[in-house]
Amino acid sequence: MPLTTDTPQEFNNIQPGASKHRSLWLKKLIREHGLALVFFVGVILLWEVYVRAAKVPVYVLPAPSVILQAMIKESNEMLKHAWFTLYEVIVGFLIGTAIGIPLAIAIVYSKFIEKTIYAFLVASQAIPKVALAPLLIAWFSFGMTPKIIITTLMCFFPIVVNTVIGLSSTPPEMLYLARSLGASGFETFWKFRFPHGLPSIFGGLKVATSLAVVGAVVGEFVAGVNGLGYLQMIRAAFVRTASVFAILVYLSVLGIALFNLIGYIEKRVIRWDPRRQLERTQE
Amino acid sequence: MNTTTHSNQGLIATADIGDRKRGQTVSVENVTKVYQTASGPLRAIEETSFKIEPGEFVSVLGPSGCGKTTFLMVISGLIPCTTGRVKIGDQVIDKPYTDLGFVFQRDVLMDWRTVLSNVMLPVEIKKLKPIEKYQERAHELLKMAGLSGFEKSLPCELSGGMRQRVSICRALVSDPPILLMDEPFGALDALTREQMNDDLLKIWSKSRSMVLFITHNISEAVYLSDRIIVMSQRPGRILEILDLSDLPRPRNIATKELPAFNKHINRIRHIFVNQGILSGGEEDQKFILQD
């Protein structure tokens with residue numbers, strides 16, 4: 001990798017202090033993501049070269065440079081629609097979390113709820129939620145509500161399942177310890193089960209963010225008047241393939257940003273090493 | 001259960017506890033335990049009775065799966081016995097008894113708490129006061145366990161032996177008169193284990209609480225205990241109770257070279273050979289114990 005061999009010499013000439021700190025940060029970035037970056041740039045270049053050399057029509061597969069042009073030229077309109085999508089995703093995700101986590105707690109603590117609601121929930125996963133969209137439109141009309149509901153439905157299940165798994169994974173010794181200390185039911189939950197389940201809960205939240213974007217876009221496909229999904233339908237209808245790709249890029253950026261936001265919060269909350277915790281749980 | 005007053009008295013006296021024996025007698029009276037499993041009832045413990053006096057260090061020694069852990073669970077009130085009863089002092093145990101320290105084979109540290117905060121967990125949950133006193137004691141215990149400077153570390157930064165030391169400090173922080181230890185060093189390597197035995201004796205000699213120590217390691221049991229309860233295979237019953245008062249305290253490396261030390265080890269080996277728990281050699285042969 002020429003990238004890594006070239007960099008140290010260059011950085012040695014920079015005087016110590018703040019800039020040295022920055023160079024370390026850059027070095028780390030290159031060491032960790034350098035290969036991914038090289039690969040990504042390589043794929044884009046190959047794509048560009050192929051489309052130009054083979055003269056692929058622009059309505060079939062536009063070159064990356066053309067997509068970039070579309071992204072810049074239509075950025076005002078796309079960003080305007082992106083706000084709608086972002087709003088649906090965030091509200092849907094928050095509602096899914098606000099219902100999902102308490103429900104998971106109820107499932108873990110009540111055999112009755114586990115046998116009824118949880119069983120029903122697992123069975124309901126056989127229904128493709130996307131196929132519910134026309135029904136929701138019929139019930140809630142064309143506003144944001146049906147999109148938010150689809151988003152909520154999409155992220156709800158992974159949050160519930162992962163929270164249930166996390167809260168039930170407390171080692172028996174830890175519960176014995178809690179009881180032998182005379183901990184109350186609430187203390188056992190708040191000081192033992194919940195923190196022990198946090199890594200799994202965050203796993204569920206991360207899966208939910210990507211599903212939330214899917215939910216919002218599907219809702220906009222079916223009955224959108226706003227949002228990136230709606231815009232994509234319009235552009236596709238007019239065979240503006242470059243714009244469709246540009247919207248795809250905006251959507252991915254949105255998904256990645258949300259995923260990383262949850263990842264950042266997770267790093268803040270979980271300072272211990274959950275992999276070691278998991279190993280010992282499985283011993 | 002008047003845990004708070006009891007622990008407070010103990011705490012104030014920490015510095016000059018010396019050899020003073022405190023706490024109450026634990027009596028196990030005709031206890032049996034039968035587990036209901038999918039494949040029918042499983043007898044874990046046959047009818048058993050014994051007593052442990054305050055300040056005594058008693059080991060329960062037996063093969064794997066002989067119901068040793070069940071004993072601790074029954075004594076601490078975490079699981080009920082099928083027949084018979086357990087008494088601590090005059091109190092019949094029918095719910096978890098909280099004035100004791102519990103050390104498990106796995107350290108069961110809270111990964112999200114610092115070392116000091118892990119040690120302080122019992123104080124926090126039992127709402128013991130004043131906190132400053134207990135904090136001082138926690139620091140003192142960690143120092144004795146060779147963990148000074150690690151107070152703010154997270155458990156994932158420590159080795160297995162250090163983690164188990166933290167969990168022992170946690171069990172001792174409220175200065176309970178009873179300490180229950182369930183194969184606490186079973187997951188550690190042999191060298192760490194020997195060091196842990198010495199560390200445990202050192203810490204114990206300062207508090208002199210009653211210790212009920214579960215192990216399947218013969219020399220560990222002989223080295224640590226005042227008495228050893230030798231148990232059979234499942235269903236567990238007492239084969240013999242050995243008195244080790246001829247091994248003087250404080251114990252150290254010289255203890256292991258005493259003739260009496262080896263005599264006890266051999267005696268226990270012979271019990272296990274006679275029971276068929278150990279084969280006793282390459283060929284099947286019955287050993288006759290010479291006293």
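The sequence lines fix the lettering, A, B, ..., with proteins before strands; numbering per chain opens at 1.
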More than 12 heavy atoms from other groups under 6.0 Å of [atom1] on [X]:
{"X": "Tyr87(A)", "atom1": "OH", "result": "no"}
{"X": "Asp90(B)", "atom1": "CG", "result": "no"}
{"X": "Glu187(A)", "atom1": "CD", "result": "yes"}
{"X": "Leu42(B)", "atom1": "CG", "result": "yes"}
{"X": "Tyr35(B)", "atom1": "OH", "result": "yes"}

inquiry  = For a side chain to side chain contact (heavy atoms under 4.5 Å, CB included) check, start with the C-alpha distance between Leu177(A) and Met110(B), then their side-chain angles and the critical distance, and finish with the verdict.
reply    = CA-CA 11 Å; Leu177(A) 177 74; Met110(B) 319 281 121; 3.8 Å; yes
task = Could you tell me which of Leu180(B), Asp182(B), Leu100(B), Leu121(B) has the largest number of non-hydrogen atom pairs under 4.5 Å with chain A?
result =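 If we count pairs closer than 4.5 Å to chain A, Leu121(B) comes out on top.
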request  = Would you please classify the geometry between the Tyr176(A) ring and the Phe104(B) ring as parallel, tilted or perpendicular, with 30° and 60° separating the classes?
outcome  =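 Rings of Phe104(B) and Tyr176(A): parallel, under 30°.
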ask   = What's the spacing between Ser180(A) OG and Leu72(B) CG if we round to 0.5 Å?
value =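 CG of Leu72(B) is found 11.0 Å from OG of Ser180(A).
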Locate the shortest heavy-atom distance separating [X] from [Y]; write the atom from each residue and the value.
{"X": "Leu181(A)", "Y": "Pro122(B)", "answer": "CD2-CB, 3.6 Å"}
{"X": "Trp112(B)", "Y": "Lys191(A)", "answer": "CZ2-O, 3.4 Å"}
{"X": "Leu78(B)", "Y": "Arg179(A)", "answer": "O-NH2, 3.0 Å"}

Part of Ile125(B) lying under 4.5 Å from any heavy atom of chain A =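 For Ile125(B), backbone and side chain are both near chain A.
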request  = Could you tell me whether the side chain of Gln105(B) reaches within less than 4.5 Å of the side chain of Glu173(A), counting heavy atoms only?
outcome  =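 Counting from C-beta outward, Glu173(A) and Gln105(B) never come under 4.5 Å.
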